[in-house]
J.: 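Mind having a look at this structure? Questions to follow.
Chain A is the first sequence line, chain B the second, and so forth, proteins listed ahead of strands; every chain is numbered from 1.
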2 protein chains.
Amino acid sequence: MTLMKDKIVSLADKLIRVKGFNAFSYKDIADPLSVKNAAVHYHFPSKADLGIAVVMGEMQRFQHNTRLWRQLPEDEQLAHLFDVFRRHCHAGNVCLMGSLAPDYETLTPPMQEKINEMAEAIVEWVTAVLENGRKNKRLHFKGAAGDRALLVISNLQSSLLLARVMGTDTFDRISRQLLEDLRS
Amino acid sequence: MTLMKDKIVSLADKLIRVKGFNAFSYKDIADPLSVKNAAVHYHFPSKADLGIAVVMGEMQRFQHNTRLWRQLPEDEQLAHLFDVFRRHCHAGNVCLMGSLAPDYETLTPPMQEKINEMAEAIVEWVTAVLENGRKNKRLHFKGAAGDRALLVISNLQSSLLLARVMGTDTFDRISRQLLEDLRS
DNA sequence: TTGCTTACTTACTAGTAAGTAAGTATTTTG
DNA sequence: CAAAATACTTACTTACTAGTAAGTAAGCAA
């Protein structure tokens, strides 16, 4: 767990969320950390390696968070997820999926694969929470839980994108509506 | 109405939707059209000029379509909009907003401005359709029409992104769910 | 037919991209 | 204490980027 390695991943994560994967360079990482671009290549030989590390970092945070929330009622677990996105919104970030999906066709197959894994992990978790929440009468919706999960994720992702163009209250308007729909 | 100029815009539109604005170059446009990159610069001095032309083209198509649909019942107007997105989905495209929003911070202010205009035009139209549809009992939903419009647009946008990563049926699952929610 | 405009090409610049080979200082290990 | 691994730097390459300056061929206009 080198310090520098973590700093590189963390900065790359931020750059992907703010500028997009194809719009940042190794220089954008090396300069703020006061190292040379070759130092970044030492830790991550190719840009795809760095991209994969960023996605894996996000997956670990997601797993860590959802474990912390496991004991809570399902509507509160969902509210916590919304809150993660809200914080990103106010930091001017979009979510990793929202940033990487448009660039998907320009990425290497191994990186595409990691993005697929991340997407499936999130869908799986939201589906389970919705399904259990409906059983416990804490959440109410029509149709299959899997389909509804896609709708929820799609909204969270896209409201961050819209918020960037139309202002941060866009996120709150969408997510409030969405959470109210599920609670009543 | 030069032929070449239209071909350039049309190809740029496709490239933005498939690879993203920062991932294509003038060469990607010049080569398939069998001209030199300077020819592209002749028509569009800077890449931002080209980007603006693409956004304006999309706005014109949107205006043209919505005018054609004006006489239809609101739920059918909405279904037509969904269909435009469905066709993009099956062509492997994401929508312009979905592609340009992640890159927003890397774009020039004039181009950001044009994207804002496009977003506002779409939100305005969907809001009006939802509002009228609720009056005519053809659409049913809770909350403000403007908030609901954001939710609808957010879903259309994001389901194209998710479809790219998780397969095209993702789009259909989300949009069916969404349209059923509004119709019942 | 002279002159202007349109739509390019040719040939180039300056800058930046990812990536690498070889060297070095520092720490770790047998 | 010597060897080897770690974490870099220096210096470089190759390839591509947006963008430009100058020239040209074809068509139209007075």
J.: How many angstroms lie between atom CZ of A:F24 and atom CG of A:L50, to the nearest 0.5 angstrom?
T.: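 Output value for this atom pair is 5.0 Å.
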J.: Between C:dG15 atom C1' and A:Y26 atom OH, what is the distance in whole Å?
T.: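 One finds 20 Å between C1' of C:dG15 and OH of A:Y26, rounded.
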J.: For the pair made of CG in B:D31 and P in D:dA18, what is the distance, rounded to whole Å?
T.: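 For the pair B:D31 CG and D:dA18 P, the rounded distance is 12 Å.
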J.: For the pair made of CG in A:L33 and C1' in D:dA7, what is the distance, rounded to whole Å?
T.: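 That distance rounds to 14 Å.
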J.: Does the side chain of A:S175 come within less than 4.5 Å of A:R86's, by heavy atoms?
T.: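 Yes - at least one pair of side-chain heavy atoms lies under 4.5 Å apart.
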J.: Output yes when at least one side-chain N/O atom of B:S25 is less than 4.0 Å from OP1 or OP2 of D:dT17, else no.
T.: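 Yes.
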J.: What is the separation between atom NZ on A:K5 and atom C1' on D:dC8, rounded to the nearest whole Å?
T.: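 Value for this atom pair: 14 Å.
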J.: Starting from A:V9, can I reach A:V18 by hopping between I/L/V/M/F/W/Y residues whose side chains sit under 4.5 Å apart?
T.: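 Each belongs to a different hydrophobic cluster.
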J.: Roughly how many Å is it from NZ in B:K27 to P in D:dG19, rounded to a whole number?
T.: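 Interatomic distance, NZ of B:K27 to P of D:dG19: 17 Å.
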J.: Using side-chain heavy atoms (C-beta onward) and a distance below 4.5 Å, is A:N116 in contact with A:Y104?
T.: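 Yes; the side chains approach each other to less than 4.5 Å.
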J.: Does some side-chain heavy atom of A:I16 sit less than 4.5 Å from a side-chain heavy atom of A:V94?
T.: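 Side chain of A:V94 against side chain of A:I16, heavy atoms only: no contact under 4.5 Å found.
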J.: Check every strand shown and say whether A:F44 touches a base, only sugar-phosphate, or nothing at a heavy-atom separation below 4.0 Å.
T.: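 No contact at all - A:F44 keeps every heavy atom at 4.0 Å or more from the nucleic acid.
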J.: For every nucleotide of nucleotides 20-25 of chain D, 5' to 3': is a protein heavy atom under 4.0 Å from its base (B), only from its sugar-phosphate (S), or from neither (-)?
T.: B-----
J.: Mind checking whether B:V129 and B:L81 have side chains closer than 4.5 Å, heavy atoms only?
T.: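 No, too far: nothing below the 4.5 Å cut-off.
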J.: Just wondering, are more than 12 heavy atoms of other shown residues or ligands nearer than 6.0 Å to CD in A:E76?
T.: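 Yes, CD of A:E76 has more than 12 neighbouring heavy atoms, counting only those of other groups under 6.0 Å.
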J.: Does D:dC8 have OP1 or OP2 under 4.0 Å away from a side-chain N or O of A:Y42?
T.: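 A:Y42 to D:dC8 OP1/OP2: no side-chain N or O under 4.0 Å.
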J.: If you assign each of A:F21 and B:V35 to its closest nucleotide in DNA chain C, which residue comes earlier from the 5' end?
T.: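 That would be B:V35.
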J.: I need the NZ-C1' distance between B:K36 and D:dG19, as an integer number of Å.
T.: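 Result: 17 Å.
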J.: To the nearest Å, give me how far apart NE2 (B:H43) and P (D:dG19) are.
T.: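 The distance from NE2 of B:H43 to P of D:dG19 comes to 16 Å, rounded to the nearest Å.
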J.: Check the distance between C:dT6's P and B:L3's CG and give it to me in whole angstrom.
T.: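 The distance from CG of B:L3 to P of C:dT6 comes to 17 Å, rounded to the nearest Å.
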